[in-house]
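The structure appears right after this line, and notes come after that.
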Number of protein chains: 2
Amino acid sequence: MSTATTKRITTTKITMNKSQLKLVSTLERVGGFASAQELYQMLRRDGDGIGLTTVYRALQSLLDDKIVDVLRRADGEAIYRLCGEAHHHHLVCRSCGATVEIEGSSVEKWAEAISEEHHFREVGHTVELFGLCSNC
Amino acid sequence: MSTATTKRITTTKITMNKSQLKLVSTLERVGGFASAQELYQMLRRDGDGIGLTTVYRALQSLLDDKIVDVLRRADGEAIYRLCGEAHHHHLVCRSCGATVEIEGSSVEKWAEAISEEHHFREVGHTVELFGLCSNC
DNA sequence: ACGCTAATGACAATCATTTTCATTTTTGCT
DNA sequence: AGCAAAAATGAAAATGATTGTCATTAGCGT
């Protein structure tokens with residue numbers, strides 16, 4: 001008999017309720033980041049009678065289930081996006097707001113190495129660059 | 001006579017008022033990040049009659065003068081630190097809050113390269129890692 | 001249909017941050 | 001020193017995102 005440890009396979013069954021599904025599809029439509037307030041307004045505009053509380057709750061569940069990622073805008077407002085989106089970072093002009101999407105495999109590798117070095121698991125990262133673009 | 005363009009030397013005289021000085025010295029004492037609310041409470045504990053409004057205003061001025069940096073905690077609260085502090089990043093346990101300070105010259109170089117590539121100037125960056133530490 | 005649980009939404013509460021505005025302090029000038 | 005204008009200050013109210021409360025409702029299994 002092998003003494004190999006059995007890998008734990010996480011079989012958490014993830015069930016999404018109606019609100020969560022609506023949010024996911026709205027986020028798909030957005031294709032990037034959106035705040036809770038923005039998502040709420042989009043749904044209302046579409047005639048949906050969803051409540052703000054429900055939007056926040058559903059987003060929290062989606063976060064727990066790792067279906068969405070969260071980030072903070074400069075003013076502190078939380079913005080969400082689907083995890084599935086290709087992971088990239090942003091170079092933002094702090095004057096005019098122009099944004100360039102950056103893919104940075106080197107940073108990903110760096111983050112991974114650091115995490116291992118310190119025995120951290122499930123490490124995500126936030127990497128954002130802020131400066132002045134050539135026009136500003 | 002030379003036709004060389006004259007380099008503009010920015011001689012903005014930076015004068016700090018009393019409140020700004022107090023905040024700088026408090027931040028020195030802290031040696032890292034602190035929120036406006038925390039700084040306010042520290043000063044009050046020390047018997048200073050400073051008002052919260054003044055703390056926010058002074059921090060804003062220090063930001064404008066590039067004397068302090070700002071970052072966001074996970075809950076969206078803004079935290080400030082002196083720019084002079086050795087620049088480093090953080091690896092934070094999202095469960096117990098344990099924090100490891102990381103220095104990452106490779107990320108600095110990467111950020112610089114990206115900035116140049118897109119002709120951005122005065123680029124600062126935010127790099128934070130969040131995960132689960134070995135105890136959690 | 002019935003009973004139970006999860007989900008929902010209106011509303012109030014919280015908390016950081018910003019605004020307002022009247023008062024005080026500092027500064028510059030004579 | 002004396003005085004006027006400008007800058008700084010702080011109390012209190014306003015704002016805006018987010019969270020908590022709680023009564024109502026929708027779904028589901030029997």
Side-chain angles (χ1 to χ4, degrees), chain A residues 12-27 30 33-65 67-81 94 97 126 130, chain B residues 12-27 30 32-65 67-81 94 97 126 128 130:
Chain A
T12 321
K13 190 169 300 173
I14 293 184
T15 35
M16 276 201 257
N17 64 31
K18 219 187 303 182
S19 306
Q20 285 166 270
L21 285 169
K22 283 182 205 162
L23 281 171
V24 167
S25 82
T26 306
L27 278 171
V30 168
F33 290 101
S35 70
Q37 305 277 347
E38 287 164 357
L39 291 166
Y40 169 68
Q41 299 199 356
M42 286 182 199
L43 284 168
R44 300 295 295 211
R45 265 188 236 113
D46 293 357
D48 197 305
I50 198 170
L52 187 52
T53 312
T54 305
V55 170
Y56 276 103
R57 258 189 306 234
L59 284 172
Q60 188 54 55
S61 304
L62 292 173
L63 266 182
D64 293 344
D65 295 346
I67 296 173
V68 302
D69 264 350
V70 67
L71 214 85
R72 293 268 167 192
R73 268 212 266 264
D75 65 349
E77 193 175 358
I79 49 181
Y80 306 81
R81 83 168 158 203
R94 67 170 138 255
T126 298
F130 297 95
Chain B
T12 321
K13 190 169 299 174
I14 294 185
T15 37
M16 276 201 257
N17 64 29
K18 219 184 306 181
S19 306
Q20 285 166 268
L21 285 169
K22 283 182 206 163
L23 281 171
V24 167
S25 82
T26 307
L27 279 171
V30 168
F33 290 100
S35 70
Q37 304 278 348
E38 288 164 356
L39 291 166
Y40 169 69
Q41 298 199 356
M42 286 182 200
L43 284 167
R44 300 295 295 212
R45 265 189 235 112
D46 292 357
D48 197 305
I50 199 170
L52 186 53
T53 312
T54 305
V55 170
Y56 276 104
R57 259 189 306 234
L59 285 172
Q60 188 54 56
S61 305
L62 292 173
L63 266 181
D64 293 345
D65 295 347
I67 296 173
V68 303
D69 265 351
V70 67
L71 214 86
R72 293 268 167 192
R73 268 210 267 263
D75 66 349
E77 194 176 357
I79 50 180
Y80 306 81
R81 83 170 157 202
R94 68 170 139 254
T126 298
E128 303 291 319
F130 297 96

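Each chain gets a letter, A, B and so on, in the order the sequences are listed, and its residues count up from 1.
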Within the side chain of Asp75(B), is there an N or O that forms a donor-acceptor pair under 3.5 Å with the backbone of Glu77(B)?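 Yes; judged by distance alone, with no hydrogens or angles, the pair exists.
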Do the side chain of Arg81(A) and the main chain of Leu27(A) share a donor and acceptor less than 3.5 angstrom apart?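 A pair under 3.5 Å: no.
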Where does the chain B footprint on DNA chain D start and end, counting 5' to 3' with a 4.0 Å heavy-atom cut-off?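 Boundary nucleotides touching chain B, in 5' to 3' order, are dA8(D) to dA12(D).
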Kindly indicate whether the side chain of Glu38(A), heavy atoms from C-beta on, has any atom under 4.5 Å from the side chain of Val30(A).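 Contact flag for Glu38(A)/Val30(A) side chains = no.
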How about Met16(A) and Ile67(A): do any of their side-chain heavy atoms sit closer than 4.5 Å?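 Side chain of Met16(A) against side chain of Ile67(A), heavy atoms only: contact under 4.5 Å found.
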Atom-pair distance ([atom1] on [X]; [atom2] on [N]), nearest Å:
{"X": "Gln60(A)", "N": "dG9(C)", "atom1": "CD", "atom2": "P", "value": "18 Å"}
{"X": "Tyr56(A)", "N": "dA12(C)", "atom1": "OH", "atom2": "C1'", "value": "15 Å"}
{"X": "Asp48(A)", "N": "dA7(C)", "atom1": "CG", "atom2": "P", "value": "17 Å"}

[atom2] on [Y] to [atom1] on [X], rounded to 0.5 Å:
{"X": "Ser35(A)", "Y": "Arg73(A)", "atom1": "OG", "atom2": "CZ", "answer": "5.0 Å"}
{"X": "Asp48(A)", "Y": "Ser19(A)", "atom1": "CG", "atom2": "OG", "answer": "8.0 Å"}
{"X": "Thr26(A)", "Y": "Gln41(A)", "atom1": "OG1", "atom2": "CD", "answer": "13.0 Å"}

Ignoring hydrogens, what is the shortest heavy-atom contact between Leu59(B) and Val68(B)? Give both atom names and the distance. O-CG2, 4.2 Å
Could you check whether Leu52(A) gets within reach of a base, just the sugar-phosphate, or nothing at all, counting any heavy atom under 4.0 Å?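 Here Leu52(A) touches the bases of the nucleic acid.
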Quick note, Gln37(B) side chain, CB onward, closest among dT19(C), dT17(C), dC11(C) is dT17(C)
For a quick test of reading the model: is some side-chain N or O of Ser19(A) closer than 4.0 Å to OP1 or OP2 of dT8(C)? yes
Closer than 4.0 Å, any side-chain N/O of Asn17(B) to the OP1 or OP2 of dT25(C)? no
Neighbours of DNA chain C within residues 69-79 of chain B, by heavy-atom distance under 4.0 Å: Glu77(B), Ala78(B)
With sequence neighbours excluded, what pairs up with Tyr40(A) under the ring pair (Phe, Tyr, Trp, His ring centres under 6.0 Å) test?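 Ring pair (Phe, Tyr, Trp, His ring centres under 6.0 Å) list for Tyr40(A), sorted by chain: empty.
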DNA chain D nearest-nucleotide lookup for Tyr40(B) and Gln20(B): closer to the 5′ end is Gln20(B)
